[in-house]
Amino acid sequence: MPIKTNDPNKKTWIPVPANSDFPIQNIPFGVFLTRDDVITIGTRIGNHAIDLGALHQLGYFKDIPLTDDIFLQDTLNDFISDGQKTWRLVRNRISEIFDTDNSSLRDNEEHKKVVLFTMEEIEMQLPVQIGDYTDFYSSKEHATNVGTMFRDPNNALLPNWLHIPVGYHGRSSSIVTSGTPVRRPMGQTMPAGAETPVFGPSKLVDFELEMAFITTDANVLGEPIPVDEAEDYIFGMVLFNDWSARDIQKWEYVPLGPFLAKNFASSISPWIVTMDALQPFKVESPEQEPKPLPYLLQEEGNKSYDIHLEVDILPENSTPTTVTKSNFKYMYWTMSQQLAHHTINGCNVNSGDMMGSGTISGPTPDSYGSMLELSWGGKQEVKLNDGATRKFIEDNDTVIIKGYCLNDNIRIGFGEVSTKLLPVYQPKKKQ
C-alpha cells in the first residue's frame, strides 16, 4: 500500500508555521485531554490538535474497517494492535481530509468546532500503556566513553558489546510524558575512600539523550522475529530522557545491572512519529565489524535514520543553554537488530511495549549524550549561558530534548520532551 502522506508537495488548509515539526507529511499519533475534559486519541498538524474520535464519529473514516470506539480510548494500544495496514489507511485518509483542495471538512464550520483544537486548549497524556520497557546500550561512542572513564581505555568495550545489542529490562510504571516533573532520588552510594555505603539523595543526577520505539503485537511466545521483518512491527518513535543517578548506579550495577539508579523516572515526548513518516530520512548505519551472527545480519541498504537531536538545560528563572547536539544515525545497533535480538529466544513483544535506544553520543565532545560524558565524570564544568556551570543536573533545572529530521523538501519533528528535576521528596511532618 503506498504511503500517500510523504508527498513533499502536499499542502494543508490548516496554517502551519515555518519550520514546524508537524507539517501534513508527519501526522503523528497521541492522546490528549480536550477543553471539554474528554480524553481522546488524536493527531497534530501545525499548532492544531485533531480529535480522531470526533472525526470517526462524523463518518470521515467510514470505509476503513475500524471499531466504533477505536479512537475513544485513553491509550493507542488497540489502534497499534490493528497493524501496519490500518495505520497507513488512517494516515492516508487524514492527509486527504486536510489537503488544501479537500473542502469536506474545510468548509464545514460545525464539524471543525468539534474536531480541531489549538495546542493551548489540550493537555497531552502518556500515549500508550507501556506493559514492558527495555533499554538498550547501542551507541558505540557512548559505550566507549563510559568504558574509558571507568575501566581500561585500551579495552573500553566489554567482549560481548560488538556481538550483541546489550540491554536490560527497565521499569515501565515510572515512564512519564513531557511536562511531568520528577524528583531527585534517594539511595545508597559508596563515597570515594569510604568502607561502607551511605544513604541519601543522589548527588549525580543525569539525563540520557535517547530515542525509543513503540511496538505492535509482534510475535507469540516462542517465535522469534526475523531481523529483516522486524521494522514492520515498529509503530513509531518518541524522544526519550532516561534519567540516571550515576552515584547510585556505580554502587549497585555489579553484578546485576541498573536498578534504583534508573527506575525512578524516564520521560518521553507525547507524539509518536510513525516509521512511515520517517522513511524519507533513512540513512546508512555505521559499519559493523566483526560481522554480526546470521540472525542479526541485515540485508544491504539504509537501516538507520537521520534524526537531529539536541539537549537544553534550563535553570529556574533563567535562559536555556544547548549543551549537546547529536544524531540518531550514530547508533551502532539498529532498531531491527535490537528487536530481532530481543525475540531470538522466543520472548513475546506486545502492543505498546517500548524499547529505548540507549544514550546517543556522537564522535565529538559537543555531541555526547549525557552529563557524565560532557563533564567527563565530573572532572570538567559545562558552562551555561547565564554564567552558571554544571557537572550534573541540579534541583529545579529543566532538561529539554528536541528532535527533528530535515531534507531539502520537508521537516518532520518530534516536538520535545521537557522535564523539571524537583528536590528530593520530603515527607510531611506529623502534627
Side-chain angles (χ1 to χ4, degrees), residues 1-16 20-32 40-46 48-73 76-108 111-112 114-117 127-128 213-217 229 231-238 271-282 305 351 405 407 409-415:
M1 181 190 307
I3 307 173
K4 299 178 182 178
T5 52
N6 289 351
D7 180 358
N9 297 313
K10 182 178 283 291
K11 304 294 182 183
T12 176
W13 50 264
I14 292 182
V16 178
S20 171
D21 281 351
F22 303 100
I24 193 172
Q25 289 82 3
N26 191 337
I27 310 182
F29 291 94
V31 176
F32 57 84
T40 188
I41 288 171
T43 188
R44 176 176 176 175
I45 298 177
H48 283 81
I50 298 159
D51 185 342
L52 296 182
L55 266 184
H56 190 18
Q57 289 180 311
L58 292 169
Y60 287 89
F61 298 118
K62 61 185 177 182
D63 56 347
I64 298 176
L66 300 168
T67 59
D68 291 342
D69 65 344
I70 192 68
F71 297 127
L72 301 178
Q73 304 181 38
L76 281 158
N77 293 60
D78 282 356
F79 175 66
I80 294 173
S81 289
D82 277 356
Q84 189 181 76
K85 180 179 178 181
T86 297
W87 314 334
R88 287 184 179 172
L89 284 170
V90 168
R91 290 185 70 253
N92 284 345
R93 177 59 51 81
I94 293 169
S95 73
E96 292 170 5
I97 295 168
F98 292 95
D99 186 277
T100 188
D101 295 324
N102 190 330
S103 62
S104 59
L105 178 62
R106 183 194 67 197
D107 298 343
N108 192 321
H111 284 189
K112 285 196 292 186
V114 296
V115 167
L116 294 178
F117 298 83
V128 290
F213 65 85
I214 311 295
T215 67
T216 185
D217 301 291
E229 297 177 15
E231 197 165 292
D232 294 341
Y233 299 100
I234 298 175
F235 175 65
M237 300 178 70
V238 294
W271 294 106
I272 303 176
V273 177
T274 64
M275 302 313 299
D276 279 355
L278 296 173
Q279 292 308 298
F281 307 96
K282 297 193 85 166
Y305 294 84
S351 173
C405 305
N407 59 26
N409 299 310
I410 204 71
R411 173 187 173 116
I412 299 290
F414 294 79

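Throughout, residue positions are numbered sequentially from 1 according to the sequence presented.
- Looking at T216, its side chain does come within 3.5 Å of a backbone N or O of I80 through a donor-acceptor pair.
- At least one donor-acceptor pair closer than 3.5 Å links the side chain of N6 to the backbone N or O of D276.
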Subject >> From CA spacing to verdict: ring pair (Phe, Tyr, Trp, His ring centres under 6.0 Å), F414, W271 >> reply: CA-CA 7 Å; F414 294 79; W271 294 106; over 10 Å; no
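- Within 6.0 Å of the NZ atom in K282, the count of heavy atoms belonging to other residues, nucleotides or ligands exceeds 12.
- You'll find the side chain of F32 reaches within 4.5 Å of the side chain of T40, heavy atoms only.
- Considering every non-hydrogen atom in both G413 and N26, the closest pair reads O-ND2, 3.0 Å.
- A 6.0 Å sphere centred on NZ of K11 holds no more than 12 heavy atoms belonging to other residues, nucleotides or ligands.
- A 4.5 Å side-chain heavy-atom check between R93 and F98 finds every atom pair outside the cut-off.
- In this structure, I24 and D99 approach most closely via the heavy-atom pair CD1-N, 4.0 Å.
- Two residues are said to be in side-chain contact when any heavy atoms from C-beta on lie closer than 4.5 Å; L116 and I50 meet this criterion.
- Across all non-hydrogen atoms, the minimal contact from I97 to W13 is O-NE1, 3.1 Å.
- The shortest side-chain heavy-atom distance between I272 and V128 falls under the 4.5 Å cut-off.
- With respect to the salt-bridge test (charged N to carboxylate O, under 4.0 angstrom), the residues R44 and D21 do not qualify.
- Smallest separation of non-hydrogen atoms from I45 and P23: CG2-C, 4.5 Å.
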**OP:** Determine, step by step, whether D51 and V114 satisfy the side-chain contact (heavy atoms from CB on, under 4.5 Å) criterion, reporting the C-alpha distance in whole Å, the side-chain angles of both residues, the deciding distance to 0.1 Å, and the verdict.
**Re:** CA-CA 8 Å; D51 185 342; V114 296; over 6 Å; no
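- With hydrogens and angles disregarded, a donor-acceptor distance shorter than 3.5 Å links the side chain of K112 to the backbone of R106.
- Taking all atoms of both residues into account, the shortest heavy-atom contact from I27 to T274 is O-CG2, 4.4 Å.
- Here the shortest heavy-atom pairing between F61 and L55 reads CE1-CB, 3.9 Å.
- Residue D68 places its CG atom among 12 or fewer non-hydrogen atoms of other residues, nucleotides or ligands, all under 6.0 Å distant.
- With values rounded to the nearest 0.5 angstrom, I94 atom CD1 is found 9.5 Å from T5 atom OG1.
- Formation of a donor-acceptor pair under 3.5 Å by the D217 side chain with backbone atoms of S351 is found in this model.
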**OP:** Dump the intermediate steps for side-chain contact (heavy atoms from CB on, under 4.5 Å) on K10 and K4, then the final yes or no.
**Re:** CA-CA 9 Å; K10 182 178 283 291; K4 299 178 182 178; 5.5 Å; no
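- V273 places a side-chain heavy atom less than 4.5 Å from the side chain of L278.
- Although no hydrogens or angles enter the test, the distance criterion places a donor-acceptor pair under 3.5 Å between the side chain of Q25 and the main chain of D7.
- At least one side-chain heavy atom of I3 sits under 4.5 Å from a side-chain heavy atom of R88.
- Using a 30° and 60° split on the angle between ring planes, F71 and H56 fall in the perpendicular class, above 60°.
- Under 3.5 Å, the side chains of S104 and N102 contain a donor-acceptor pair of N or O atoms.
- The only member of Y60, F79, F29 that meets side-chain contact (heavy atoms from CB on, under 4.5 Å) when paired with L52 is F29.
- For the pair N108/L58, no side-chain contact is recorded, criterion being any heavy-atom separation below 4.5 Å from C-beta on.
- A 4.5 Å side-chain heavy-atom check between Y305 and M275 finds at least one atom pair inside the cut-off.
- Between the side chain of N407 and the main chain of F281, no donor-acceptor pair closer than 3.5 Å is present.
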**OP:** Carefully, step by step, assess T100 and T12 under the rule side-chain contact (heavy atoms from CB on, under 4.5 Å).
**Re:** CA-CA 4 Å; T100 188; T12 176; 5.8 Å; no
